[in-house]
Amino acid sequence: MRTDLFASRHIGIREDDLQHMLKTIDVDNLEQLIHETIPSEIRLQRPLQLPNPMSEHEFLAHIQELSEKNKVFKTYIGLGYNECITPSVIKRNILENPGWYTAYTPYQAEIAQGRLEALLNFQTVVSDLTGMELANASLLDESTAAAEAMTMLYDVRSREQKKNEVLKFFVSEEVLPQTISLLRTRSTPLGIELIIGNHEEFTFDNDFYGALLQYPGKHGQIHDYEAFVTKAKANDIKVAVAADILSLVLLKAPGEFGVDVVVGTTQRFGIPLGYGGPHAAFFATREAYKRSIPGRIIGVTKDTDGNHALRMALQTREQHIKRDKATSNICTAQVLLAVMAGMYAVYHGPKGLKFIAEQVHSKTKSLSQKLGKSGFQQLNSSFFDTILVDVGDVEKLKSIAEQKGINFNYIDTGLVSISINEATTNQDIDSILSCFNELEKESNNQSSGSDSTEEVIPNSVQRNTPFLQNEVFNSHHSETELMRYIKKLERKDLALNHSMISLGSCTMKLNAASEMLPLSWAQWGSIHPFVPIDQAEGYQIVLEELAKNLSEITGFAGTSLQPNSGAQGEYAGLMTIRAYHESRNEGHRDICIIPASAHGTNPASAVMAGMKVVVTKTDERGNIDVADLEEKVIAHSQNLAALMVTYPSTHGVFESSIKKITNMIHDHGGQVYMDGANMNAQVGLTNPATIGADVCHLNLHKTFAIPHGGGGPGVGPICVAPQLVPFLPGNPIIKTGGEQAISAISAAPWGSSLACLISYGYIKMLGEEGLRHSTEIAILNANYIKHRLNGKYEVLYTGEQGRAAHEMILDCRPFKQNGIEVTDIAKRLMDYGFHAPTVSFPVAGTVMIEPTESENLAELDRFCDAMISIRHEIDAATAEDPNNVLKNSPHTLAMATSDEWNFPYSRQKALFPLPYVSENKFWPSVRRVDDAYGDRNLICTCAPIEAYAEVE
Ligand SMILES: *Cc1c(COP(=O)(O)O)cnc(C)c1O
């Protein structure tokens with residue numbers, strides 16, 4: 001075995017196992033299996049053109065070399081991104097710890113209490129600092145969060161008035177340019193009219209339903225918005241504010257002046273810049289809007305025994321349920337980054353945050369004074385961390401600064417803004433000054449230099465309410481304490497470092513250490529997304545090469561890495577289709593056909609792109625019902641915009657009629673969008689271009705090894721056919737995208753660039769052969785499980801030759817006659833040390849299993865043994881007597897060690913049902929959580945100190 005090849009580490013199956021597995025599923029070789037699985041007319045005609053694989057060792061040297069091509073300047077550009085200090089204890093114990101980064105979205109709450117608590121902390125930080133009642137557990141970036149605010153307020157208004165004919169949304173010219181670009185993208189398809197202007201000159205007429213303000217403004221000026229908000233309210237205009245989270249430590253919370261929504265980014269709470277992301281954005285609002293709030297919310301509830309427990313609240317809001325009625329398509333968010341930002345606040349506490357904010361502020365003030373003394377006029381009358389300086393010759397300053405390794409934000413009117421941050425030292429301030437002094441300003445305008453005692457944050461906007469008073473933010477301020485707190489939470493969570501997480505559609509594969517290591521390096525972490533492109537040469541090489549490789553893998557002509565989740569990719573892809581139709585004077589095409597089995601994000605994205613959803617049926621074998629589709633295509637021929645299709649289907653089948661289907665759509669003037677979530681069954685064997693698609697998104701956090709992070713980050717690039725290339729999304733600050741680029745899809749030009757390093761490494765280390773072999777083994781593993789569970793569970797759908805693709809659906813509905821629901825199986829698997837597969841998607845009452853290529857045979861067998869053992873338990877259960885091992889699962893350590901044991905089965909059976917369990921027991925930290933109770937009694941922040949006192 002070539003142990004130097006990364007493929008031998010990434011793929012779990014050993015040579016000897018392979019023969020055994022092939023024999024088990026009754027094929028002679030892998031090629032025969034693939035032949036029986038993938039229709040031959042869509043197999044690739046030639047191998048992917050990718051460079052030879054690098055060993056891990058070679059890759060690390062290569063990526064280090066590339067990192068040195070990035071120039072790490074002192075960057076004071078601001079505009080929503082600021083250098084900050086990631087506490088080493090957080091970097092090492094969270095960012096670099098697979099216990100945190102390989103976890104799944106916390107749907108199985110009983111084995112996710114750790115990250116649920118960390119996210120509750122995050123929500124509390126946001127609620128406290130913004131002064132709002134409710135916050136979600138993160139969104140993708142500040143600009144998309146602002147767009148969510150724009151659409152949520154529209155939705156809220158429509159509900160309140162039963163309809164809404166008022167379509168104007170005011171946007172202050174002080175809002176960040178990337179946010180304005182994104183609001184343009186999002187508003188157009190919905191018919192919302194953006195009016196951009198000066199908030200002081202705004203006339204409050206009743207054509208407007210909402211407004212967005214920036215606090216402080218994009219160049220640092222702090223405005224007192226109280227009067228604006230009061231007037232807006234009187235005119236029934238709802239107000240959202242995009243706020244800088246660190247400034248809120250010193251500034252009056254927007255909640256105190258009555259706003260409806262506060263959004264922003266928590267990047268500067270310890271998250272590296274990473275050339276644009278990933279970072280966690282926040283969204284905070286009033287409790288009254290809880291049913292409209294986008295994204296996931298963590299709430300408090302209780303378990304079977306009445307003990308405190310956490311879980312995701314109000315899930316019926318999510319697109320999984322609401323589909324085309326959803327107002328947001330967000331699915332994957334930024335959980336890992338939210339966990340880190342929350343932990344930053346835990347570590348520093350209110351006093352520490354205040355110290356940091358005051359340091360930043362006082363350095364900014366001192367810089368302003370010194371510049372004044374040097375004769376430069378500073379224009380912000382009130383500021384927190386950003387000053388605006390009149391320099392006249394911007395170009396000259398730029399060349400001086402760049403020679404010193406410094407970036408400012410150059411504004412074309414002869415102004416420059418400078419944003420000071422947590423990492424800025426007094427020496428840095430001197431270096432900034434030296435740039436200006438070299439400018440040799442002639443006029444000596446001494447008068448503008450304010451003196452040090454002058455207050456630049458007026459009383460009216462100063463914060464005088466406390467924040468973060470809860471115990472958790474006042475306890476873990478030493479490294480030992482925080483390290484143990486992080487470990488305490490980590491221990492409650494089951495992640496890939498414990499056992500297989502066989503989540504169908506979510507592809508929980510290995511996130512290799514070599515892929516992850518570069519993320520910790522400053523040469524990658526400390527690059528601001530708006531630096532001149534020549535300072536980011538290393539990044540440019542990686543991003544360009546990754547885009548090229550993804551185009552090759554999908555068979556397409558161009559790729560945009562900008563979308564920062566799969567759902568965002570869907571939206572981006574549909575928007576390019578929309579732009580394409582418009583460019584051909586066919587802008588009336590607005591029908592999007594989507595199969596009933598599609599992921600909830602598909603219809604939600606289509607509606608956001610201004611399309612009308614027409615649902616097409618699937619037949620009893622799980623395939624698209626071609627006759628029904630044809631009927632719909634013909635009926636809507638004039639207005640057909642697109643078909644959205646998942647391939648292989650969400651039922652885990654390569655439909656052999658796919659080419660017929662894509663041809664039919666093209667014949668009627670539509671474009672084909674392929675949801676690429678199941679790309680792990682395609683790479684190297686077939687591809688979206690071959691099946692006749694025009695655009696697809698890829699979930700780099702599924703197929704291309706970015707860890708799931710407990711629910712994000714993700715990267716959702718879109719790959720497109722030649723006719724769509726001109727419309728790939730742009731950015732208002734740094735040029736990117738197509739010749740006729742649509743406006744921004746996410747805030748940063750290349751989205752979450754830092755995370756792209758992982759997928760880059762994945763492709764570089766596997767090469768063509770490794771990628772293809774991974775796909776083959778993923779398909780083998782699924783078919784092996786299918787075979788082993790044969791006779792115990794019915795597999796709902798298979799291909800024409802009886803094969804599964806890379807995943808399969810097991811029907812659990814027949815067990816209802818024994819009183820057993822699919823949830824009971826999911827919870828019982830915890831007692832066996834496993835995370836449940838995907839539950840009730842795409843078919844209610846089923847589980848969908850996807851093992852991936854990274855698992856080894858022994859683990860696959862343990863999982864199958866557990867499933868078979870559970871099947872015996874199901875057979876022994878009766879509907880009449882629910883007091884059984886399944887209904888009572890999961891079983892906790894507290895139950896095991898209790899003096900009382902009143903169950904009709906033994907502790908051994910409950911807790912150690914198979915021999916392997918005792919070698920590596922995982923203890924769920926709570927019993928089954930009560931979702932309904934939590935939704936009825938919504939609490940989404942940590943309890944105040946008094947609540948802890950009561951317990952004692
Ligand atoms: C995961 C998934 C999506 C959504 O991707 P996110 O990154 O979570 O936004 C869309 N479609 C399918 C089939 C998926 O499995």
Side-chain angles (χ1 to χ4, degrees), residues 104-107 137-141 144 148 277-278 294-296 312 315 318-320 323 326 328-336 501-509 561-574 592 594-606 608 618 622 644-653 673-682 688 693 695-718 745-746 751-752 755-756 759 805-807 809 837-843 848-850 852:
Y104 183 60
T105 309
Y107 279 107
S138 83
L139 289 177
L140 297 169
D141 57 39
T144 56
E148 298 285 353
R296 294 173 176 139
M312 296 203 291
Q315 285 191 49
E318 293 186 19
Q319 28 67 31
H320 294 289
R323 304 183 78 86
S328 167
N329 66 346
I330 183 150
C331 182
T332 288
Q334 301 280 18
V335 169
L336 189 71
I501 302 182
S502 62
L503 275 155
S505 211
C506 289
T507 315
M508 301 286 288
K509 61 169 64 175
L561 295 168
Q562 196 178 98
N564 41 19
S565 76
Q568 204 78 277
E570 292 170 19
Y571 177 68
L574 292 172
C592 186
I594 304 179
S597 62
H599 195 262
T601 52
N602 290 192
S605 300
M608 284 167 59
T618 45
M644 282 186 101
V645 59
T646 305
Y647 201 77
S649 73
T650 46
H651 292 144
V653 177
Y673 185 97
M674 193 201 89
D675 181 326
N678 290 342
M679 201 62 197
N680 213 45
Q682 288 197 27
V695 40
C696 75
H697 78 259
L698 301 173
N699 300 67
L700 299 191
H701 47 301
K702 295 178 182 175
T703 311
F704 294 91
I706 293 177
H708 212 83
V715 176
I718 52 170
I745 289 294
S746 56
S752 296
C756 286
S759 301
H806 66 313
E807 62 189 4
I809 297 173
T838 300
V839 174
S840 287
F841 171 77
V843 183
M848 179 156 64
I849 298 170
E850 178 183 355
T852 84

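Both ligands and their constituent atoms are indexed starting at 1 by order of listing. No hydrogens, no waters, no symmetry mates; every other heavy atom, side chains included, goes into these values.
Judged by distance alone, the side chain of N564 and the main-chain N or O of S752 form no donor-acceptor pair under 3.5 Å. Of the possible polar contacts, none joining the S138 side chain to the A333 backbone as a donor-acceptor pair under 3.5 Å is found. Between the H701 side chain and the V715 main chain, a donor and an acceptor come within less than 3.5 Å of each other. Under the 3.5 Å distance criterion, the side-chain polar atoms of N329 are matched with a main-chain donor or acceptor of A567.
In plain terms, the two heavy atoms of P648 and N678 that are nearest each other are O-ND2, 2.7 Å. Considering all non-hydrogen atoms of both residues, T618 and P595 come closest at CG2-CB, 4.5 Å.
The closest protein non-hydrogen atom to atom 2 (C) of ligand 1 is K702 NZ, 2.4 Å. Atom 5 (O) of ligand 1 has N699 ND2, 3.0 Å as its closest protein atom, hydrogens excluded (heavy atom only). With hydrogens left out, the protein atom closest to atom 11 (N) of ligand 1 is D675 OD2, 2.6 Å, a heavy atom. With respect to atom 9 (O) of ligand 1, the closest heavy atom belonging to the protein is A567 N, 2.7 Å.
Interface atoms of ligand 1 facing G566, defined by a heavy-atom separation under 4.0 Å, are 5 (O), 6 (P), 7 (O), 9 (O). Every atom of ligand 1 with a heavy atom of T332 under 4.0 Å away is listed here by number and element: 6 (P), 7 (O), 8 (O), 9 (O). Interface atoms of ligand 1 facing H701, defined by a heavy-atom separation under 4.0 Å, are 6 (P), 7 (O). Contact atoms of ligand 1 toward C331: 8 (O), 9 (O) (distance under 4.0 Å to a heavy atom of the residue). If you number the atoms of ligand 1 from 1 as listed, the ones under 4.0 Å from a heavy atom of E570 come out as 10 (C), 11 (N).
Ligand 1 is never approached by Q568 to a heavy-atom distance shorter than 4.0 Å.
For the pair C506 and E850, the minimum side-chain heavy-atom distance is 4.5 Å or more.
Atoms OG1 and CG, from T650 and D675 in turn, are 8.5 Å apart once rounded to the nearest 0.5 Å.
In S565, the parts holding a heavy atom less than 4.0 Å from any atom of ligand 1 are both the side chain and the backbone.
The heavy atom nearest to atom 15 (O) of ligand 1, out of those in S505, A604, G504, is found in S505.
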